[in-house]
There are 2 protein chains.
Amino acid sequence: MSGIECCNGLTMAESDLQTRARELLRAADGRITSARLAVLEVLLGSAAALSHHEIENAIAQRGRDVDRVTLYRVLDWLVERDLAHRIASEDRIWRFNAVDRVQAGDHAHFHCTRCGQIVCLDGPYSSAAPALPTGYQPERTEITIHGRCPGCAG
Amino acid sequence: MSGIECCNGLTMAESDLQTRARELLRAADGRITSARLAVLEVLLGSAAALSHHEIENAIAQRGRDVDRVTLYRVLDWLVERDLAHRIASEDRIWRFNAVDRVQAGDHAHFHCTRCGQIVCLDGPYSSAAPALPTGYQPERTEITIHGRCPGCAG
DNA sequence: TTAAAAGATGCAATCCAATTGCATCTATGG
DNA sequence: CCATAGATGCAATTGGATTGCATCTTTTAA
Ligand SMILES: [Mn+2]
Ligand SMILES: [Mn+2]
Ligand SMILES: [Zn+2]
Ligand SMILES: [Zn+2]
């Protein structure tokens, strides 16, 4: 099976990724360019959040080419349009994934302390945080679980 | 009152900060240098976690001078020796505070979305995170509450 | 079908936090 | 006071990310 695992457990062939990417870009208002298509296809095809370099490599593997700066700008644009999701981590590298693959809105993340991989966790979460000092106004709680991913455990 | 608010609500004069910094350095095994004293004093005097630049400025204000690279190395050393605590955030800038001021071990953080300030939250916390996919082994949960600090609210 | 206009891209230069190499200096034990 | 392990200062460098600007492409409307 050469398909790529999707959020609903089904698989999505590469041609379907292309179709889906184009659909999503058409729905967003903005131009449908080859750079945006290439980047969004890569993101749609990955369960883990991808770094700039990982996306660049994935695009190259598919025989396409996107300038580094264009890639940064495409990613910014996708995030602005809520087509992608940007995650910060301790290694100071931004990682991105397609919003189409993850739960809408806030969600928790898992970070592998060995390989650095980050995945979004679907499902509800809550936290029992210590009481805030007087005057602090909470807006949003971020939860990251650090540990070992399946490939790095054992 | 010219003292600096400390974790227990009391105030600590600058001379006391110097004394405390020297005590802590003596307890750790390593040389007691003016750079380490200057940095640790600044960290002990701040409730908020401080960036490299903020520490540099605070040291300069006290009429002292520490080379940028030395400051990085002192901070690394303090973290290694568990005298300081390093926090990553979305702006890709490390922030530090004195371990002496915060709860030992894991604790939650508050991040102000307006001024960027980060403070450590004392007290127990727990999270109800979504179930992890098969094979993922959790080790530690990180919680950051984003919102407005007292100065930025209202 | 074509011509503008708005928008996207490529390239070079730049920014900025952080790191590294290396010569020099200094805190500490003897 | 000396010897030396260890710390520091300075210059150069790294690496992710950003900016300026000329050029190219997508889209819209004539
Ligand atoms: Mn996510
Ligand atoms: Mn903390
Ligand atoms: Zn891993
Ligand atoms: Zn604030």
Side-chain angles (χ1 to χ4, degrees), chain A residues 18 21-42 49-60 64-81 83-96 116-118, chain B residues 18 21-42 49-60 64-81 83-96 116-118:
Chain A
Q18 290 182 19
R22 193 172 287 273
E23 272 175 24
L24 290 167
L25 288 183
R26 201 175 327 126
D29 77 325
R31 296 185 179 171
I32 301 172
T33 68
S34 59
R36 288 174 183 172
L37 282 167
V39 174
L40 190 49
E41 281 170 34
V42 167
L50 299 177
S51 68
H52 180 101
H53 277 308
E54 288 167 334
I55 297 168
E56 205 171 18
N57 293 339
I59 289 174
R64 283 186 273 188
D65 186 51
V66 174
D67 178 78
R68 276 199 315 284
V69 176
T70 301
L71 177 48
Y72 278 114
R73 290 197 271 228
V74 165
L75 289 168
D76 284 347
W77 186 89
L78 291 173
V79 170
E80 261 175 27
R81 294 299 199 283
L83 290 172
H85 170 231
R86 177 171 42 207
I87 309 165
S89 69
E90 302 207 349
D91 61 8
R92 302 172 20 97
I93 292 175
W94 293 113
R95 284 180 177 74
F96 301 82
Q117 190 179 86
I118 293 175
Chain B
Q18 291 182 18
R22 194 172 287 273
E23 272 175 23
L24 290 167
L25 287 183
R26 202 175 325 127
D29 76 327
R31 296 187 180 172
I32 300 172
T33 68
S34 58
R36 287 174 185 171
L37 282 166
V39 175
L40 191 48
E41 279 170 35
V42 167
L50 299 178
S51 68
H52 180 100
H53 277 306
E54 289 167 333
I55 297 168
E56 206 171 18
N57 292 340
I59 290 174
R64 283 187 273 188
D65 186 50
V66 174
D67 178 79
R68 277 200 311 285
V69 177
T70 300
L71 177 48
Y72 278 114
R73 289 197 272 227
V74 164
L75 288 168
D76 283 348
W77 186 89
L78 291 173
V79 170
E80 261 175 26
R81 294 297 199 284
L83 291 171
H85 171 229
R86 177 171 43 204
I87 310 165
S89 70
E90 301 208 348
D91 61 9
R92 300 171 21 97
I93 291 175
W94 293 113
R95 285 181 176 75
F96 301 83
Q117 190 179 85
I118 293 175

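Here the structure is a predicted model, which is why all the values come from computation and not from measurement. Residue numbers start from 1 in every chain, and the chains themselves are labelled A, B, ... in the order their sequence lines are given, proteins ahead of strands.
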Original post:
Rounding to a whole Å, what distance do you find between A/Trp77:CH2 and C/dT9:C1'?
Top reply: 14 Å
Original post:
Between D/dT25, D/dA5, C/dC11, which nucleotide has the shortest distance from any of its atoms to the side chain of B/Arg31?
Top reply: D/dA5
Original post:
Of B/Ile93 and A/Val66, whose closest DNA chain C nucleotide lies nearer the 5' terminus?
Top reply: A/Val66
Subject >> Heavy-atom pair with the smallest gap, counting every atom of A/Arg36 and A/Leu25 >> reply: CB-CD1, 3.8 Å
Original post:
A/Leu50 has an atom CG; how far is it from atom P of D/dG16, in whole Å?
Top reply: 15 Å
Subject >> Value in whole Å for how far the P atom of D/dG9 lies from CG of B/Asp65 >> reply: 7 Å
Original post:
Toward the 5' end of DNA chain D, which comes first, A/Arg68 or B/Arg36, by nearest nucleotide?
Top reply: B/Arg36
Subject >> Base D/dG9 to side chain B/Arg73, donor-acceptor N/O within 3.5 Å cut-off >> reply: yes
**OP:** Round to the nearest Å and state the distance from B/Ile87 atom CD1 to C/dA17 atom C1'.
**Re:** 17 Å
**OP:** Output the single nucleotide from D/dC10, C/dG7, D/dT19 whose closest atom is nearest the side chain of B/Asp67.
**Re:** D/dC10
Original post:
Hey, does the side chain of B/Thr70 come within less than 4.0 Å of D/dG9's phosphate (OP1/OP2), counting only N and O?
Top reply: yes
Subject >> Nearest-0.5 Å distance, CZ of residue A/Phe96 to CG of residue A/Asp76 >> reply: 6.5 Å
Subject >> B/Ile32 CD1 to D/dA7 C1', straight-line distance once rounded to whole Å >> reply: 14 Å
Original post:
Whole Å only: how far is the NE2 atom of A/His52 from the C1' atom of D/dT18?
Top reply: 12 Å
Original post:
Looking at B/Trp94, does any N or O in its side chain come under 4.0 Å of the phosphate oxygens OP1/OP2 on C/dA17?
Top reply: no
**OP:** Say whether A/Ser89 and A/Arg95, considering side chains only, have a donor N or O and an acceptor N or O under 3.5 Å apart.
**Re:** yes
**OP:** Measure from the side chain of B/Asp76, starting at C-beta and using heavy atoms only, and say which of D/dA7, C/dT19, D/dT18 lies closest.
**Re:** C/dT19
**OP:** Quickly work out the A/Leu25 CG to D/dT26 P distance and round it to whole Å.
**Re:** 13 Å
**OP:** Rounded to the nearest angstrom, tell me the gap between atom CG in B/Asp29 and atom P in D/dA5.
**Re:** 16 Å
Original post:
Which nucleotide sits closest to the side chain of A/Arg92: D/dA17, C/dG7, C/dA17?
Top reply: C/dA17
Subject >> Separation between CG of B/Leu83 and CG of B/Leu75, rounded to the nearest 0.5 Å >> reply: 11.5 Å
Original post:
Taking the nucleotide of DNA chain C with the closest heavy atom to each, which residue, B/Val69 or B/Gly30, is nearer the 5' end?
Top reply: B/Val69
Original post:
With sequence neighbours excluded, what pairs up with A/Asp67 under the salt bridge (charged side-chain N to carboxylate O under 4.0 Å, His left out) test?
Top reply: none
Subject >> Side-chain N,O (A/Tyr72) to OP1/OP2 (D/dA17) below 4.0 Å >> reply: yes
Original post:
Does A/Thr33 place a side-chain N or O at less than 4.0 Å from the phosphate oxygens OP1/OP2 of C/dT9?
Top reply: yes
